[in-house]
Amino acid sequence: MVNVKRTAKAALLIVIMAVSVMPVQAFGHNKWTIGYEKNTNGPEKKVQGTNGWHFMYSQEVNTDGQLDASQVKECVWTDKGSCWMWYDYDEMWVPDIYASEDFDCLAANCWWRMDGNGIMDPNVEGGAVRSVIAWEAPENGTYSVNLDYTAGSMPYKWYGEDYDGGDGLTLSIHTQERMVDKVFCGAAPKGERKVIENMPAGSMSGKVTLRKGERVYVSADPGENGGADIATVKIEIIQEEGESVRSFLMTILLGGIIVIAVILVVTVIAVVRRIKSDWELEENEEDEE
């Protein structure tokens with residue numbers, strides 16, 4: 001009888017060997033996330049472009065979600081953002097126009113910020129500025145973009161004063177040439193304080209075909225009045241087609257072929273040995289007679 005345990009061990013060894021030589025990209029570079037506690041190929045604080053992520057802004061607003069990518073500019077990282085005295089954080093991505101030390105966020109009614117992990121807060125009452133997160137493709141391919149969001153305008157009271165600004169916010173996904181998906185998020189019910197859980201929530205998705213170096217954009221357009229506008233997003237980008245995916249599938253296919261071949265060889269050897277053993281046993285029995 002074929003030694004099943006020995007055959008299984010040999011097959012398992014081949015599987016391990018096949019997995020060990022798979023391209024690193026098969027597991028490390030086919031998925032990118034932002035907005036999660038543990039991101040896969042996520043961004044790095046203070047550095048633009050790590051794993052393809054860029055934090056940007058545009059002064060083009062109130063466009064019903066449309067985005068002119070040529071008007072988008074990169075934010076700068078600041079350890080003392082324009083509102084650091086009033087918010088409970090002091091590090092953020094901001095447009096360079098808000099990064100100067102003498103910028104007064106109270107006088108300008110500007111609370112704009114982007115934390116680098118999913119918060120897009122284009123909270124500017126006058127001269128609204130939209131938040132943009134861009135991701136750059138590492139190679140030619142087809143990518144699926146999935147986005148979960150909580151977004152809109154958040155009216156609230158603060159130290160007895162009403163903050164009712166904000167006319168809603170439009171989230172959208174774009175390539176250089178076209179809009180992929182969009183959603184308008186209105187105002188949440190007014191509360192005694194900011195409660196983001198009460199705001200509109202949902203998801204968006206789409207597929208994009210990008211060449212190496214081309215970008216997909218997630219935009220938060222505050223409209224004419226960005227007062228009290230905010231969005232928190234979770235973005236997941238998965239490569240569906242491309243050289244890395246083909247390499248991964250070919251490696252899996254090759255590994256499967258090797259495993260099947262090894263099982264067949266081991267099985268044939270075991271059967272031959274069994275037959276040979278039976279013959280020798282029969283010969284010995286005949287000699288004894």
Side-chain angles (χ1 to χ4, degrees), residues 34-35 43 48-49 52-78 81-83 87 92-100 103 105 108-136 145 147-155 163 165-188 196 199-202 204 206 208 215-235:
I34 190 172
Q48 290 276 24
W53 296 104
H54 294 263
F55 300 94
M56 314 183 79
Y57 74 98
S58 173
Q59 292 177 284
E60 178 196 39
V61 297
N62 200 31
T63 63
D64 193 29
Q66 295 290 341
L67 176 72
D68 182 354
S70 68
Q71 301 299 311
V72 179
K73 302 175 183 179
E74 288 200 339
C75 290
V76 297
W77 180 266
T78 174
S82 60
C83 303
Y87 280 151
M92 67 188 95
W93 292 103
V94 296
D96 51 4
I97 53 179
Y98 303 146
S100 60
F103 183 85
C105 67
N109 290 318
C110 170
W111 308 89
W112 204 102
R113 63 164 173 155
M114 193 168 346
D115 75 335
N117 195 32
I119 291 180
M120 307 171 73
D121 193 354
N123 187 346
V124 186
E125 285 192 10
V129 175
R130 79 165 72 185
S131 303
V132 179
I133 296 175
W135 178 80
E136 188 172 298
V145 183
L147 186 149
D148 293 329
Y149 66 83
T150 302
S153 298
M154 187 190 301
Y163 289 83
D167 50 3
L169 179 149
T170 302
L171 279 175
S172 51
I173 302 172
H174 302 261
T175 63
Q176 184 80 25
E177 294 82 16
R178 67 183 182 93
M179 180 187 291
V180 178
D181 198 3
K182 74 170 183 177
V183 62
F184 175 76
C185 303
I196 196 166
M199 298 179 68
M204 306 165 61
V208 296
R215 296 180 178 182
V216 61
Y217 302 86
V218 174
S219 161
D221 181 355
E224 291 183 355
N225 187 335
D229 285 352
I230 187 172
T232 60
V233 298
K234 292 182 177 180
I235 306 170

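The distance from the CG atom of D121 to the CE atom of M114 is 9.5 Å, given to the nearest 0.5 Å. Rounded to the nearest 0.5 Å, atoms CD1 (I173) and CG (L67) are 12.0 Å apart. A distance of 9.5 Å separates CG in D68 from OH in Y217, rounded to the nearest 0.5 Å. Taken to the nearest 0.5 Å, the OG atom of S172 stands 9.0 Å off from the CG atom of D181. A distance of 10.5 Å separates NZ in K73 from CE in M56, rounded to the nearest 0.5 Å. Note that CG of L171 is 6.0 Å distant from CE of M204, once rounded to the nearest 0.5 Å.
Put simply, the residue from T170, D221, D64 that forms a side-chain hydrogen bond (donor to acceptor under 3.5 Å, both in side chains) with K182 is D64.
Residues V124 and C110 are in side-chain contact: their nearest non-hydrogen atoms beyond the backbone lie under 4.5 Å apart. Side-chain contact between V72 and S58: present, with at least one pair of heavy atoms (C-beta onward) separated by less than 4.5 Å. Proximity of V132 to V218: side-chain heavy atoms (C-beta onward) are nowhere separated by under 4.5 Å. Using a 4.5 Å cut-off on side-chain heavy atoms (C-beta onward), V180 and V145 make no contact. Considering only heavy atoms from C-beta on, V183 comes within 4.5 Å of Y149 through its side chain. Proximity of R113 to I230: side-chain heavy atoms (C-beta onward) are separated by under 4.5 Å at one or more points.
The main-chain N or O of E60 is found under 3.5 Å from a side-chain atom of R130 such that the two form a donor-acceptor pair. Using a distance-only test at 3.5 Å, with no hydrogens or angles considered, no donor-acceptor pair links the side chain of W112 to the main chain of Y98. With hydrogens and angles ignored, the 3.5 Å screen pairs a side-chain donor or acceptor of S153 with a backbone N or O of G168. Using modelled atom types, one side-chain atom of H174 and one backbone atom of G65 make a donor-acceptor pair closer than 3.5 Å.
Considering every non-hydrogen atom in both I119 and D115, the closest pair reads N-OD1, 3.0 Å. For the pair I34 and P43, the tightest heavy-atom approach, listed with the atom from each and the gap, is CD1-CG, 3.8 Å. The nearest pair of heavy atoms linking A220 to P122 is O-CG, 4.0 Å. The two atoms that bring I235 and L147 nearest to each other are CG1-CD1, 4.0 Å, heavy atoms only. Between A128 and V61, the shortest heavy-atom contact is O-CG1, 3.4 Å.
Below 30°, between 30° and 60°, or above 60°: for W93 and F55 the angle between ring planes is below 30°, a parallel geometry.
Q59 meets the side chain to side chain donor-acceptor pair (under 3.5 Å) test with no other residue; sequence neighbours excluded. Considering only residues two or more places apart in sequence or on other chains, D96 meets the side chain to side chain donor-acceptor pair (under 3.5 Å) condition with Y57.
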Worksheet item: Passes side-chain contact (heavy atoms from CB on, under 4.5 Å), L169 versus M120? Steps please.
Response: CA-CA 11 Å; L169 179 149; M120 307 171 73; over 6 Å; no
